[in-house]
2 protein chains.
Amino acid sequence: MAQGVQGRVTLKDVAARVGISPAAVSMALSGRSRISAATVEQVKAAAAELGYVPSSAAKALRNQRSGVIAVIVPNSTQHVFGHSYFMQVLTGVSSAANERDLQVLVSTSASEASGLTAYERVMRSRTADGAIVTSSAIGDPNIERLTAGGLAVVLIGNYPELPGTTSVGIDDVAASRMVTEHLIEVHGKRSLLHVTGPLDHQTAVDRREGFLDAVRAHGLLAASDVVEGDFSERAGYDALDGRRLGADGFDGVVFANDDMAFGGLQLLRRTGLSVPGDVAVVGFDDFGLSRITDPGITTVHVPAEQMARLAAERLIPRIEDPTAAPTRDDLEVSLVLRESCGCAREDVVLLRN
Amino acid sequence: MAQGVQGRVTLKDVAARVGISPAAVSMALSGRSRISAATVEQVKAAAAELGYVPSSAAKALRNQRSGVIAVIVPNSTQHVFGHSYFMQVLTGVSSAANERDLQVLVSTSASEASGLTAYERVMRSRTADGAIVTSSAIGDPNIERLTAGGLAVVLIGNYPELPGTTSVGIDDVAASRMVTEHLIEVHGKRSLLHVTGPLDHQTAVDRREGFLDAVRAHGLLAASDVVEGDFSERAGYDALDGRRLGADGFDGVVFANDDMAFGGLQLLRRTGLSVPGDVAVVGFDDFGLSRITDPGITTVHVPAEQMARLAAERLIPRIEDPTAAPTRDDLEVSLVLRESCGCAREDVVLLRN
DNA sequence: ATTAACTGCTTAATCGTTCAAGCGACGGGA
DNA sequence: TCCCGTCGCTTGAACGATTAAGCAGTTAAT
């Protein structure tokens, strides 16, 4: 097998080898037409021998389908969401794509050169047949432009303002309520602080709402407070800096993600407060960090990889028919109990391997 | 701008709008031919108005160049190297690619279906013009098949057995010697254990060699030992399990990466040994984890993102001429001092933001 | 005045694949 | 014997872009 350095092997070469027309070779390989079994055999042998691999460009041009799906990360979120999240998304999309012989393109949408965003170019040039868009801000006009153009797009996250789009996510409100209630009901916390994400992201809004639901339901609204963060470690640190914490202040902090919780943990350690003794802490996401810290952070496990895989599975039929009725999937989350809330440390469990 | 749901806008449409031939439109947009300034203006206006974006498939077919570079992760390493490493690679490659209007394809090379690996298909089908291959095992035949086929490939890592290939990496031997000597010279450790990575990876072999160089140079070979790991957290844990550690055993452990060091830290904590008091620990990589743990792990910072960026920059000219003389780049590493070796904790520095 | 050179476009070929339509040859039915 | 159907392939067009070659028309040079 294998061809030398220079010429690519095309259908023509295989055809010449067998002594038939290129079209016949195409038919023999696709099996979509009436070709004798003997010829099919010969063609397959010749193709293998010459190392024939069809040109993806020619295929794409002819079929009007590239076999590529794009994973789009709006630049605004490049550092907002951590590396782990994105890797999980990539892993999920890749595994679904591989099963269907699709390639995965990563578009980090850098500059908005020439009026079109990088990912609008990717779509309109048909470099990709469809796209999975992660975590863009509320009201990002680019998403609507993509879907309005009839392109196959699936969003990861919640986009209540875009009812016509297909998306996959979790119920952030319920999850945030759940973790907040854990602090209240199981650990008896009475004065809670919530550190939000950037409030131009629906995720941050929803997690705040879940927090407020919980404190209201338990009559703790007056003793609680909310401060805006941006999902960064520093924001978590700064949010607690200078606050009354512990016995005569907040006895529990609900962070909208684990990065901020880790930042908060650092401030608490520096000020000499014990976690969970003086202040209980919970986070959100469970993308890796929360298991590593000391104490480990009690958090809500967000199944990012599964979300991404499902997003890819929802996307693929939409490539055939982008006008199909939109769907919405909510995945289950789970509470992961570690030490930062006051739950006992389970025996060390190695999760990685 | 923008076109409706259905038809893509092609050169023909722009041509019809302006009243000239498609060829003239192509020339006007590329600026590579003699076209009057007035016509160029009209063409640009029409193209913008219609929302014309050239078909990447047609372009690729005609130019014999797809404008895509592939980042290849051999499946054997999917879980060996952590998520962070791969993300840094992706970020580095993407930023270099974006500057040149290239797209980035991620190939995780799942199954070896039909005799060709997934990434050999990607290359031979010209889905990608070139590839960046990360961390494959020693003697992986696929790499040689790719480069021998005259395809543009740049490797990240060290491949002494493949002298004809272009690669970007670090000097693992020197780096490992450096961190080992830190334990010996600065902290006075006298009995060292080294936990290697999988020895079918050159990185693991080189780091072991650097360790051995250092202990030999200081006459500590007899008091030292080497045990094979696989870069996983569990391997680090298991490597220390049941060993004589502390006063009457090893007083320092050099792990070939941070994940294993973290595993080791967990065993040490469980056995009640203090780090660095009883046993000093160092790791390797600094991909994120080592900053989070408690104590923080003293480690060698590997500039993964820079390596990847440079790899992309080396790759791009090779796409034009894959037979160009191969190059080798070694990037600088640095020692990152944290607490696990016995160095004082610097004031908390928030590195993320 | 004649030729040469240049300008600004058009024509046509090409990249490699797919697929509808066509076309001999052969077999079966009437 | 004639006709029709089927088989197994070939022909040719198309996907959308690029580019070499060509060709009127104008300008410059001799």
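We use all heavy atoms of the structure for the numbers below, so side chains are in, but hydrogens, waters and symmetry mates are not. Within every chain, numbering begins at 1; the chains are lettered A, B, ... in the order of the sequence lines, protein sequences first and strands thereafter.
- Residues from residues 61-69 of chain A placing a heavy atom under 4.0 Å of any atom in DNA chain C, listed by number, are R62(A), N63(A).
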Pairs under 3.5 angstrom, nitrogen or oxygen only, protein versus nucleotides 6-9 of chain D, please.
unit_1: dG8(D); atom_1: N7; unit_2: R34(A); atom_2: NE; d: 3.3
unit_1: dG8(D); atom_1: N7; unit_2: R34(A); atom_2: NH2; d: 3.1
unit_1: dG8(D); atom_1: O6; unit_2: R34(A); atom_2: NH2; d: 2.6
unit_1: dC9(D); atom_1: OP1; unit_2: T39(A); atom_2: OG1; d: 2.6
unit_1: dC9(D); atom_1: OP2; unit_2: S36(A); atom_2: N; d: 2.8
unit_1: dC9(D); atom_1: OP2; unit_2: S36(A); atom_2: OG; d: 3.2
unit_1: dC9(D); atom_1: OP2; unit_2: T39(A); atom_2: OG1; d: 3.2

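- Listed by chain and number, the residues in a side chain to side chain donor-acceptor pair (under 3.5 Å) with R65(B) are E320(B) (sequence neighbours excluded).
- Evaluated for a side chain to side chain contact (heavy atoms under 4.5 Å, CB included) with V14(A), the options L29(A), I20(A), V25(A) yield exactly one hit, V25(A).
- Contact annotation: the side chain of Y85(B) approaches that of I156(B) to within less than 4.5 Å [non-hydrogen atoms, C-beta and beyond].
- Taking only side-chain nitrogens and oxygens, R32(B) comes nearer than 4.0 Å to OP1 or OP2 of dT19(D).
- S66(B) is linked by a side chain to side chain donor-acceptor pair (under 3.5 Å) to D129(B), counting only residues two or more places apart in sequence or in another chain.
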- Message: What verdict does the side chain to side chain donor-acceptor pair (under 3.5 Å) test give for R8(A) and S55(A), after you've listed the backbone C-alpha separation in whole Å, the side-chain angles of each residue and the deciding distance to 0.1 Å?
- Response: CA-CA 9 Å; R8(A) 294 190 21 69; S55(A) 150; 4.8 Å; no

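- For the side chain to side chain contact (heavy atoms under 4.5 Å, CB included) test with V168(B), the passing option among L310(B), N158(B), T327(B) is L310(B); the others fail.
- Boundaries of the chain B contact region on DNA chain C are dT7(C) to dG16(C), first to last in 5' to 3' order (nucleotide atom under 4.0 Å from a heavy atom).
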TODO: In sequence, state the C-alpha distance, the side-chain angles, and the governing distance for S125(A) and T127(A), and then conclude on side chain to side chain donor-acceptor pair (under 3.5 Å).
DONE: CA-CA 5 Å; S125(A) 68; T127(A) 299; 2.7 Å; yes

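- Side-chain atoms of D13(A) come within 3.5 Å of backbone atoms of T10(A) as a donor-acceptor pair (strictly under, hydrogens ignored).
- Side-chain contact check for V153(A) versus L155(A): some heavy-atom pair is nearer than 4.5 Å.
- Salt bridge status for R309(B) with E313(B): present, with a side-chain N to carboxylate O gap under 4.0 Å.
- Where the helix from dA1(C)-dT30(D) to dA30(C)-dT1(D) starts and where it ends, the local axes point in directions that differ by 60°; five pairs per end, rounded to 10°.
- Across every non-hydrogen atom of G139(B) and E161(B), the tightest pair is N-OE2, 3.0 Å.
- Taking a 6.0 Å sphere around CD of E144(B), one finds it holds 12 or fewer heavy atoms contributed by other residues, nucleotides or ligands.
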